[in-house]
Amino acid sequence: MHNITKCKTIVLIPSYNDLENLKKLVKKIKKISNVYVINDGSTDNTKIWLRKQNIDHRNNSENIGYEKSLLNGIRILKKKKYDYLITFDADGQHKISDLKKIINNKIFKNYDVILCNRLNLSRFLEKIISNLFFEKYGLKDPLSGFKIYKTKIFNKIKLNKIKNFFLVDLLIDLIKEKKKIKNYSIHQNKRKDKPRIGGFFKISYNLLSIIFLIFIR
């Protein structure tokens, strides 16, 4: 029976000025999976630390944003010999215990995507998006940065068409491709510092854009 094992998984972490969290995450994740970091133009010595620790990574020459960093990582890693690609945020919200359960759980071999839905959404608009997405597609929390993909599903997806919607449009494309997608509920740690994806107005604008996207797609 095929199982998700250390030699078959890669955890993709986009990181922007999250060095202290990143140090803790990478140390723990390396015990259960391979790791690849996209350093998105950080100014906090992330680049130096990654090199000294000999961690597989790519350094963006400038800050290009969360979505583009993830897509760059997917383009790089889909060419490698991994069965599963796991996206995992660098801000310390996701629990390593959940990651470990997922990697060791054989049920996940039956799905193309595992969408790890957070049980406690902090933003009102995130709750609205989750509810709307569930009503339309039967899936919760499309904004979650914790997802597990079978790497081969990216072979026919045009990644250059994915926009700045926290990869929600990628998820919709995979739904329309009839991929098998399942929710897996997770609890998250409370973030101690400010988010790196923008201020209140920028985040709100992006979330409203995603609501519009859900209606028109």
Before giving the answer on salt bridge (Lys or Arg N to Asp or Glu O under 4.0 Å), spell out for Lys68 and Asp40 the whole-Å C-alpha distance, their side-chain angles and the decisive distance to 0.1 Å.
CA-CA 9 Å; Lys68 290 181 181 179; Asp40 189 21; over 6 Å; no

Indicate if [X] and [Y] have the same hydrophobic cluster label, given that clusters are the connected sets of ILVMFWY residues with side-chain heavy-atom separations under 4.5 angstrom.
X      : Y      : answer
Ile186 : Leu121 : no
Phe166 : Ile64  : no
Phe212 : Tyr205 : no

A quick test of your reading: do over 12 heavy atoms of other residues, nucleotides or ligands sit less than 6.0 Å from [atom1] of [X]?
X      : atom1 : result
Asn160 : CG    : yes
Lys136 : NZ    : yes
Lys80  : NZ    : no
Lys176 : NZ    : yes

Judged by modelled atom types alone, do [X] and [Y] share a side-chain donor-acceptor pair under 3.5 Å?
X      : Y     : value
Asn189 : Lys95 : yes
Ser42  : Asn39 : yes
Tyr16  : Asn60 : no

Taking the side chain as every heavy atom from C-beta outward, state whether [X] and [Y] have any pair of such atoms under 4.5 Å apart.
X      : Y      : value
Leu70  : Glu67  : no
Leu50  : Val26  : no
Leu167 : Leu71  : yes
Arg123 : Ile128 : no
Tyr82  : Lys8   : no
Leu132 : Phe215 : yes
Ile172 : Tyr137 : yes
Leu170 : Tyr149 : yes

Backbone N/O of [Y] and side chain of [X]: donor-acceptor pair under 3.5 Å:
X      : Y      : answer
Ser69  : Gly65  : yes
Lys152 : Asp112 : no
Asn72  : Ile38  : no

Among Glu126, His94, Gln93, which residue satisfies the side chain to side chain donor-acceptor pair (under 3.5 Å) criterion with Arg118?
Glu126

Do Val11 and Tyr36 pass the side-chain contact (heavy atoms from CB on, under 4.5 Å) test, and can you show the C-alpha distance, the side-chain angles, and the key distance before you say yes or no?
CA-CA 6 Å; Val11 176; Tyr36 193 91; over 6 Å; no

Shortest non-hydrogen contact from [X] toward [Y]:
X      : Y      : value
Ile129 : Ile214 : CG2-CD1, 3.9 Å
Val168 : Pro142 : CG2-O, 3.9 Å
Ile148 : Cys116 : CD1-SG, 3.6 Å
Ser144 : Leu115 : CB-CD1, 4.2 Å
Ile153 : Ile157 : O-CG1, 3.4 Å
Thr151 : Leu77  : CG2-O, 4.2 Å

Please determine whether a side-chain nitrogen of the Lys or Arg among Lys161 and Asp169 lies less than 4.0 Å from a carboxylate oxygen of the Asp or Glu.
no

side-chain contact (heavy atoms from CB on, under 4.5 Å) for Asp89 and Ile13? Distances and angles first, verdict last.
CA-CA 6 Å; Asp89 290 346; Ile13 307 175; over 6 Å; no

Just how far is it from atom [atom1] of [X] to atom [atom2] of [Y], taken to the nearest 0.5 Å?
X      : Y      : atom1 : atom2 : answer
Gln53  : Ile48  : CD    : CD1   : 12.5 Å
Leu208 : Ile203 : CG    : CD1   : 12.0 Å
Ile10  : Asp56  : CD1   : CG    : 6.5 Å
Asn131 : Glu135 : CG    : CD    : 6.5 Å
Ile210 : Lys163 : CD1   : NZ    : 14.5 Å
His187 : Ser97  : NE2   : OG    : 10.0 Å

Should Asp141 and Phe133 be marked as a side-chain contact (heavy atoms from CB on, under 4.5 Å) after you check the CA-CA gap, both sets of side-chain angles, and the distance that decides it?
CA-CA 8 Å; Asp141 195 16; Phe133 206 82; over 6 Å; no

For the pair Lys147 and Ile86, evaluate side-chain contact (heavy atoms from CB on, under 4.5 Å) and give the outcome as yes or no after the intermediate values.
CA-CA 6 Å; Lys147 298 183 181 76; Ile86 303 171; over 6 Å; no

Measure up the Phe88 and Phe146 rings against each other and bin them: parallel (under 30°), tilted (30 to 60°), perpendicular (over 60°).
perpendicular

Stepwise side chain to side chain donor-acceptor pair (under 3.5 Å) check, Asn117 with Ser185
CA-CA 5 Å; Asn117 58 292; Ser185 298; 3.2 Å; yes

Report yes or no: is the cationic atom of Lys140 (NZ for Lys, CZ for Arg) closer than 6.0 Å to the six-membered ring centre of Phe134, at no more than 45° off its axis?
yes

